[in-house]
Amino acid sequence: MMSEEKIKKEYERIESLSKNPQSTLLAMLHFIQKEKGFITEQDAEYLSSISKIPYSKVKAVMTFYTMYNLKKTGIHHIQICRNLSCHMAGAPALKKIIENELSIKEGEVTPDGLFSLTEVECLGSCGTAPVIMINETYHENMNEEKLKALLKELKEKNENTTR
Ligand code: FES
């Protein structure tokens with residue numbers, strides 16, 4: 001669990017570089033998510049207290065952007081785009097594959113905590129639709145074959161590291 005001290009230290013570092021409170025807030029939300037995978041109400045309250053940005057504003061920003069996870073995610077957090085280009089290029093079928101292969105529904109985490117799946121708004125790479133993001137990595141021009149191979153690879157990687 002990340003300490004408040006660590007958050008504060010990073011806040012002071014970013015704030016000294018950027019005098020724009022909005023950019024500092026976005027950078028801080030990104031930092032917290034990168035460190036522990038998701039952002040809690042408690043984090044929002046703490047950020048508000050050190051930045052003097054009203055809690056309601058912090059909360060509004062973190063809920064507005066779908067890239068911020070508000071609940072615990074799997075080690076491999078899969079985001080699948082649900083907007084038009086990806087939808088037309090076959091995203092719904094890819095989503096079904098993920099749900100079937102991992103036996104979870106959108107919004108859920110696998111019981112072993114390895115995978116989670118969420119649908120998000122445009123990932124900003126419509127020209128290479130359909131697009132999936134796993135943690136910080138884009139997987140573009142996805143198709144059923146590539147997706148199945150990727151899931152298999154991730155499952156195997158975890159089997160090898162947990163042995
Ligand atoms: S519509 Fe999917 S990345 Fe833009």
Side-chain angles (χ1 to χ4, degrees), residues 1-3 6-7 10-11 13-14 18 22-44 47 58-163:
M1 184 58 91
M2 186 171 46
S3 68
K6 194 167 179 187
I7 297 178
E10 181 65 6
Y11 175 76
R13 192 186 71 81
I14 294 178
S18 158
Q22 176 81 6
S23 330
T24 305
L25 175 59
L26 291 174
M28 281 309 297
L29 291 172
H30 188 75
F31 170 74
I32 295 171
Q33 175 154 303
K34 196 153 178 267
E35 286 289 312
K36 60 176 199 176
F38 62 109
I39 306 163
T40 61
E41 303 250 332
Q42 212 181 339
D43 295 323
L47 256 185
V58 177
K59 195 73 200 293
V61 171
M62 70 191 236
T63 49
F64 177 77
Y65 293 101
T66 54
M67 63 190 170
Y68 296 124
N69 306 318
L70 307 183
K71 57 184 186 186
K72 199 165 177 9
T73 58
I75 291 172
H76 304 291
H77 180 53
I78 306 171
Q79 299 181 71
I80 184 160
C81 171
R82 66 172 160 218
N83 282 157
L84 192 61
S85 301
C86 288
H87 188 90
M88 302 289 286
L94 298 181
K95 185 181 142 198
K96 280 251 163 318
I97 289 176
I98 299 170
E99 290 180 330
N100 289 341
E101 293 276 326
L102 302 178
S103 304
I104 52 171
K105 292 272 172 227
E106 197 271 324
E108 293 179 351
V109 183
T110 54
D112 57 10
L114 284 185
F115 294 93
S116 50
L117 171 66
T118 186
E119 266 189 324
V120 293
E121 302 305 328
C122 181
L123 286 166
S125 188
C126 321
T128 56
V131 181
I132 286 173
M133 212 173 163
I134 303 184
N135 298 344
E136 305 267 300
T137 308
Y138 275 88
H139 298 274
E140 299 161 295
N141 296 310
M142 285 306 281
N143 57 40
E144 299 192 6
E145 213 172 285
K146 275 163 75 176
L147 177 60
K148 282 184 179 168
L150 180 61
L151 292 175
K152 189 167 175 266
E153 188 192 318
L154 291 173
K155 281 183 195 169
E156 284 172 0
K157 197 165 130 195
N158 273 95
E159 273 168 24
N160 292 337
T161 50
T162 50
R163 256 177 216 154

task: Report the C-alpha distance between Lys34 and Glu136 in whole Å, list the side-chain angles of each, state the deciding distance to 0.1 Å, and finish with yes or no for salt bridge (Lys or Arg N to Asp or Glu O under 4.0 Å).
output: CA-CA 9 Å; Lys34 196 153 178 267; Glu136 305 267 300; 5.7 Å; no
query: Which distance, rounded to the nearest 0.5 Å, do you find between the CG of Leu147 and the CD1 of Ile98?
result: 5.0 Å
- request: Using a 4.5 Å cut-off on heavy atoms from C-beta on, say whether the side chain of Val120 contacts that of Met133.
  value: no
- prompt: With a 4.0 Å cut-off, would you call Lys105 and Glu108 a salt bridge?
  reply: no
- line: When every non-hydrogen atom of Ala60 is compared with those of Thr63, the smallest separation belongs to O-OG1, 3.2 Å
message: Please report the interatomic distance OG1(Thr73) to CZ(Phe115), rounded to the nearest 0.5 Å.
response: 12.5 Å
Heavy-atom closest contact (Ile80 atom, Ala91 atom, distance): CD1-O, 3.6 Å
query: Roughly how far, to the nearest 0.5 Å, is NZ of Lys96 from CD of Glu144?
result: 12.0 Å
message: Testing the basics here: between Ile14 and Ala27, what is the closest heavy-atom pair and its distance to 0.1 Å?
response: CD1-CB, 3.7 Å
message: Determine whether Asp43 and Lys36 satisfy the following criterion, side-chain contact (heavy atoms from CB on, under 4.5 Å), listing intermediate values before the conclusion.
response: CA-CA 11 Å; Asp43 295 323; Lys36 60 176 199 176; 2.7 Å; yes
- prompt: Between Lys95 and Glu106, is the closest basic N to carboxylate O distance under 4.0 Å?
  reply: no
- request: Could you pull out the closest heavy-atom pair between Lys71 and Gly107, with the gap in Å?
  value: NZ-O, 3.2 Å
field: Contact list for residues 79-114, test ring-ring contact (aromatic ring centres under 6.0 Å, His included), sequence neighbours left out
entry: none
field: Pair Ile134-His139, side-chain contact (heavy atoms from CB on, under 4.5 Å): steps then yes or no
entry: CA-CA 8 Å; Ile134 303 184; His139 298 274; 3.8 Å; yes
query: Are there more than 12 heavy atoms of other residues, nucleotides or ligands under 6.0 Å from atom CE of Met88?
result: no
- request: List in chain and number order the residues that pass salt bridge (Lys or Arg N to Asp or Glu O under 4.0 Å) with Glu101, two or more places apart in sequence or in another chain; answer none if no residue qualifies.
  value: Lys155
- prompt: Rounded to the nearest 0.5 Å, what separation is found between the CE atom of Met67 and the CG atom of Leu29?
  reply: 8.0 Å
message: Using modelled atom types and a 3.5 Å cut-off, is there a donor and acceptor pairing between side-chain atoms of Asn135 and backbone atoms of Ile75?
response: yes
query: Is the count of non-hydrogen atoms from other residues, nucleotides or ligands lying under 6.0 Å from Lys152 atom NZ greater than 12?
result: no
Glu35 vs Lys6 side-chain heavy atoms within contact, under 4.5 Å: yes
From CA spacing to verdict: side chain to side chain donor-acceptor pair (under 3.5 Å), Ser125, Glu140: CA-CA 8 Å; Ser125 188; Glu140 299 161 295; 2.8 Å; yes
message: Nearest 0.5 angstrom please: Lys59 NZ to Phe64 CZ, how far?
response: 15.5 Å
query: Once you round to the nearest 0.5 Å, how far does CZ of Phe31 lie from CZ of Arg13?
result: 8.0 Å
- request: For the residue pair Phe38 and Leu70, establish whether any side-chain heavy-atom pair is separated by less than 4.5 Å.
  value: no
statement: Heavy-atom nearest pair, Leu94 first then Pro130, reads CD1-CG, 3.6 Å
message: Measuring only between side-chain heavy atoms, which start at C-beta, is Lys148 closer than 4.5 Å to Ile97?
response: yes
message: Is the shortest side-chain heavy-atom distance between Val61 and Leu25 below 4.5 Å?
response: yes
task: Find out whether Asn69 and Ile39 are in side-chain contact, i.e. whether some heavy atom of one side chain is under 4.5 Å from a heavy atom of the other.
output: no
- request: Using a cut-off of 6.0 Å, state whether more than 12 heavy atoms not belonging to His30 lie near its atom NE2.
  value: no
message: Any non-hydrogen side-chain atom of Leu102 less than 4.5 Å from a side-chain atom of Leu114?
response: no
task: May I ask you to test the Ile104-Val109 pair for a side-chain heavy-atom distance under 4.5 Å?
output: no
- prompt: Do you know the tightest heavy-atom contact between Cys122 and Asn83?
  reply: N-OD1, 2.5 Å
